[in-house]
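All remarks here apply to the structure that follows.
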Amino acid sequence: EMEKWLPLVMLLVLLTLMEGFGVNADVTYDGRSLIIDGQRKILFSGSIHYPRSTPQMWPDLIRKAKQGGVDVIQTYVFWNLHEPQQGQYDFSGRNDLVRFIKEIEAQGLYVCLRIGPFIESEWTYGGFPFWLHDVPGIVYRTDNEPFKIENEYQNIQKAFGGAGSDYVKWAAKMAVGLETGVPWVMCKETDAPDPVINTCNGMKCGETFTGPNSPNKPTMWTENWTSFYQVYGGIPYIRSAQDIAFHVTLFIARNGSYVNYYMYHGGTNFGRTASAYVITGYYDQAPLDEYGLFRQPKWGHLKELHAAIKSCSTTLLQGVPVNFSLGQLQESYVFEEQNGGCVAFLINNDGVNKVTVQFHNRSYELLPKSISILPDCQNVTFNTANVNTTSNRRIYIPRQNFSSVNDWEQFEDVIPNFDDTSLRSNSLLEHMNATKDKSDYLWYTVRFEYNLSCKEPTLRVQSAAHVAHAFVNDTYIGAVHGNHDVKSFTLELPVTINQGTNNLSILSVMVGLPDSGAFLERRFAGLTRVELQCSEEESLNLSNSTWGYQVGLLGEQLEVYKNTSDIEWSQLGNTTNETHIWYKTSFNTPDGDDPVALDLSSMGKGEAWVNGQSIGRYWILFHDSKGNPSQSLYHVPRSFLNDSGNILVLFEEGGGNPLRISLDTVSVTDLQDQNFDKLSLPSFS
């Protein structure tokens, strides 16, 4: 029965799309490269994930990738988008995988399809739909009948022992048995069974990859991380154009024939799609930034590198490779053809000093930590550390502010007490299983008799979720949160309690579900212990009381963000102490084509919707080590907008001031001289 809805396995398959959809080229491989229609190919690939941008953006993103010398677009397939409920499918809008592939085909590029269904990818629950959790007897990602699917498996394979190895063999056999007519790939899987190709993921695969597990398989790099994903409280990982170029060139010099940039364009984790603690902007430091704008010099420098490699690809693919030393930290890789074709890579591994080396009776000066490419073994056409592309930076121009109290209306969400709930349990329920990922929010409520000696006990709440907000007798006590690197946190706050009957309501929040690790189906989130403490000797443990539960917020049940005209909105109150409140305003679409962003730096934590479409979670109050929010500007795709009368709705958990929000347009400008930095422009973090 299960096999009916699990027709796909892990892996990655190269689809070749020629003129006329469905006219496939013949794709095979040998020990040197992939072979398309009998021709060996060096291929540069760029990851662009269709649901992290919009169908209106896809043509421009693909065009810019092609312009940058990219041959292949690589994407995951996002199972939880396509089958949100078992047997109910969605391939509309941002989920239209076929439209995305047809757009790639129309522009003459290939597709590398990583079909998952487990994808990790900083995507909530690793791409699994949560209903999978409730399939009887299921253990994710190992050899059991209800579950047979995979990607990046070796990360967790040891946890499953022999069943893990059996599972890899099954996955490979099943994939190859589908007879797709194209090669299959397992990334990060050194024991990939023949004929599946094992490939490398990382930042330095020219140094770290142990190579194909058979001399008949090509050397492929499926994820070259152009930056790294960012979490709330974290700072952006800045990887230079020079460093990326060095490691790509080294990989090609060491017989590599396929390099994929993860990501080439990261895009946006719209809605609630980001995994635990991951910010809404994804790989903004990629060659094409979150908005699809060029990030220079990264995009331009890599374009030059691709052109340099392509100019001598025939010799690289047909020639005989030789490697020899040019000095203590210097070496060369040379490819020579019998007909005289010759390509050389001159490498300086010294990260501090420029070095002059002798090669073929000539002197060559190599910059620190760099590789020079000589397509004819004489003339240098590219050096990885020599950047000719002018850098640029982003500029945000405010187009509308919302500073008038009259611009806003509000709707207060309701704090449920025990009597308001219908779902009951004599224990603290696991958060994810209770919400089924229908909401970030789960209310835990309890009514209790209090007869301890102190009037101001400490409320202690231990949680394996991400945030906890506490209310005692309808009064807000406060909130505490964890972070990406801890499994749990504790809220400890003094509270005033009445003798006799009291109500305690705790709002547990998940900022995305986990996306990785063995035994994901067993993962526990939510409250683990609740007690009131006067002293170490005197306390009241409420953990095993009868608890009442409410999944989600009242405003979510009413779909406040969509049904704005059906809601009884009220005038904006005092914004300083408001918690758990919905705000609504309207705005006009800025003129022109520049991307649009909301500056939410005055807000606290919550989610934002434009015309009923979620632009993602925001969490401004969670500061990084430098005291700044990890993300304060949030992309509003132009396709979400009407000509005028756009409705903005925010749910604010607490601490936000909507009067200081602004609507900006985003553009880039070249840094023509060093003084440019001194102009008072917003930084592009």
Side-chain angles (χ1 to χ4, degrees), residues 1-8 10 49 51-52 76-92 94-95 97 115-142 144-152 156 269-278 280 423 425 428-444 463-467 484 487 507-527 549-553 556-557 559 607 614 616-617:
E1 203 41 44
M2 306 306 294
E3 300 296 285
K4 288 180 185 171
W5 50 259
L6 297 180
L8 305 174
M10 53 161 278
H49 295 160
R52 285 177 157 139
Y76 280 122
V77 177
F78 296 77
W79 185 11
N80 56 7
L81 292 183
H82 297 307
E83 196 177 6
Q85 299 301 317
Q86 190 170 357
Q88 293 177 13
Y89 300 96
D90 183 0
F91 287 86
S92 63
R94 290 199 307 277
N95 302 348
L97 171 62
I115 63 176
F118 175 77
I119 60 172
E120 193 164 329
S121 191
E122 295 70 60
W123 190 263
T124 192
Y125 219 46
F128 288 155
F130 197 82
W131 55 260
L132 201 61
H133 177 273
D134 298 331
V135 171
I138 196 161
V139 183
Y140 301 162
R141 309 183 65 194
T142 186
N144 69 128
E145 279 315 302
F147 186 94
K148 293 275 183 85
I149 19 185
E150 218 25 74
N151 166 55
E152 292 189 8
I156 64 157
N269 294 313
F270 296 110
R272 298 171 45 254
T273 58
S275 64
Y277 291 106
V278 170
T280 296
L423 175 62
S425 173
L428 295 168
L429 293 180
E430 196 278 315
H431 181 123
M432 297 183 284
N433 190 41
T435 62
K436 305 295 184 195
D437 196 30
K438 295 288 182 287
S439 171
D440 287 355
Y441 301 101
L442 179 63
W443 284 102
Y444 290 72
S463 174
H466 300 152
V467 185
H484 181 263
K487 295 284 181 276
L507 182 61
S508 176
V509 189
M510 291 291 284
V511 188
L513 302 189
D515 72 339
S516 58
F519 306 111
L520 191 60
E521 69 282 352
R522 300 182 203 168
R523 200 71 60 85
F524 190 97
L527 307 189
Y549 295 88
Q550 178 186 303
V551 173
L553 309 163
E556 288 181 300
Q557 291 165 20
E559 296 189 314
E607 190 172 348
S614 174
R617 302 184 182 100

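Note: hydrogens, waters and symmetry copies are ignored here, and every other heavy atom, side chains too, is used. From a predicted model like this one, the values you see are computed outputs, not experimental measurements.
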R523: salt bridge (charged side-chain N to carboxylate O under 4.0 Å, His left out) partners, not counting sequence neighbours: none

Taking all non-hydrogen atoms of both residues, which atom of V77 and which atom of L97 are closest, and how far apart? CG2-CD2, 3.9 Å

Between P51 and N95, the two heavy atoms sitting closest are CB-OD1, 4.5 Å

Applying ring-ring contact (aromatic ring centres under 6.0 Å, His included), can you list everything that pairs with F130, at least two apart in sequence or on another chain? Y125, H133

To the closest 0.5 Å, what do you measure between OG1 (T435) and OH (Y549)? 12.5 Å

Suppose we screen for side chain to side chain donor-acceptor pair (under 3.5 Å). Which residues come up paired with S516, at least two apart in sequence or across chains? none

Taking the side chain as every heavy atom from C-beta outward, state whether F147 and V139 have any pair of such atoms under 4.5 Å apart. no

With sequence neighbours left out, the residues meeting side-chain contact (heavy atoms from CB on, under 4.5 Å) with A518 are I156, A159, F160

Can you name the nearest heavy-atom pair linking H431 to S508, along with the distance? ND1-OG, 2.9 Å

What residues form a side-chain contact (heavy atoms from CB on, under 4.5 Å) with Q85, not counting sequence neighbours? Q88, K438

For the student: nearest non-hydrogen atoms of W131 and Q86, plus distance: NE1-N, 3.3 Å

By ring-ring contact (aromatic ring centres under 6.0 Å, His included), Y76 pairs with (sequence neighbours left out) H49

Output all residues satisfying salt bridge (charged side-chain N to carboxylate O under 4.0 Å, His left out) with R94, sequence neighbours left out; order by chain, then residue number. none

Sequence-distant partners of W443, side chain to side chain donor-acceptor pair (under 3.5 Å), two or more places apart: none

Aromatic ring pairing H484/Y277, orientation class (parallel under 30°, perpendicular over 60°, tilted between): perpendicular

Which heavy atom in P146 sits nearest to a heavy atom in P136, and how many Å separate them? CG-O, 3.9 Å

Tightest non-hydrogen contact, residues D90 and L81, listed as CB-O, 3.7 Å

For the atom pair CZ (R272) and OG (S614), what is the distance rounded to the nearest 0.5 Å? 9.0 Å

By side-chain contact (heavy atoms from CB on, under 4.5 Å) - contacts of E430 (at least two apart): M432, N433, F524, A525

Straight-line distance of L513 CG to D440 CG, nearest 0.5 Å: 8.0 Å

Are the side chain of N80 and the backbone of T124 linked by a donor-acceptor contact shorter than 3.5 Å? yes

For the residue pair Y140 and F128, is the inter-centroid distance of their aromatic rings smaller than 6.0 Å? yes

Go through the structure and list residues passing salt bridge (charged side-chain N to carboxylate O under 4.0 Å, His left out) with D515, not counting sequence neighbours. none

Look at the side chain of Q550 and the backbone N and O of G552, then say whether any donor-acceptor pair between them is shorter than 3.5 Å. yes

Heavy-atom donor-acceptor pair, T280 side chain to R617 backbone, under 3.5 Å: yes

Interatomic distance, OH@Y441 vs CD@E556, rounded to 0.5 Å, equals 7.0 Å

Report the distance from atom CD1 of I119 to atom CH2 of W79, rounding to the nearest 0.5 Å. 11.5 Å

Considering residues at least two apart in sequence or located in another chain, which fulfil the salt bridge (charged side-chain N to carboxylate O under 4.0 Å, His left out) criterion with D134? K436

Which residues pass the side-chain contact (heavy atoms from CB on, under 4.5 Å) test with A276, sequence neighbours left out? H466

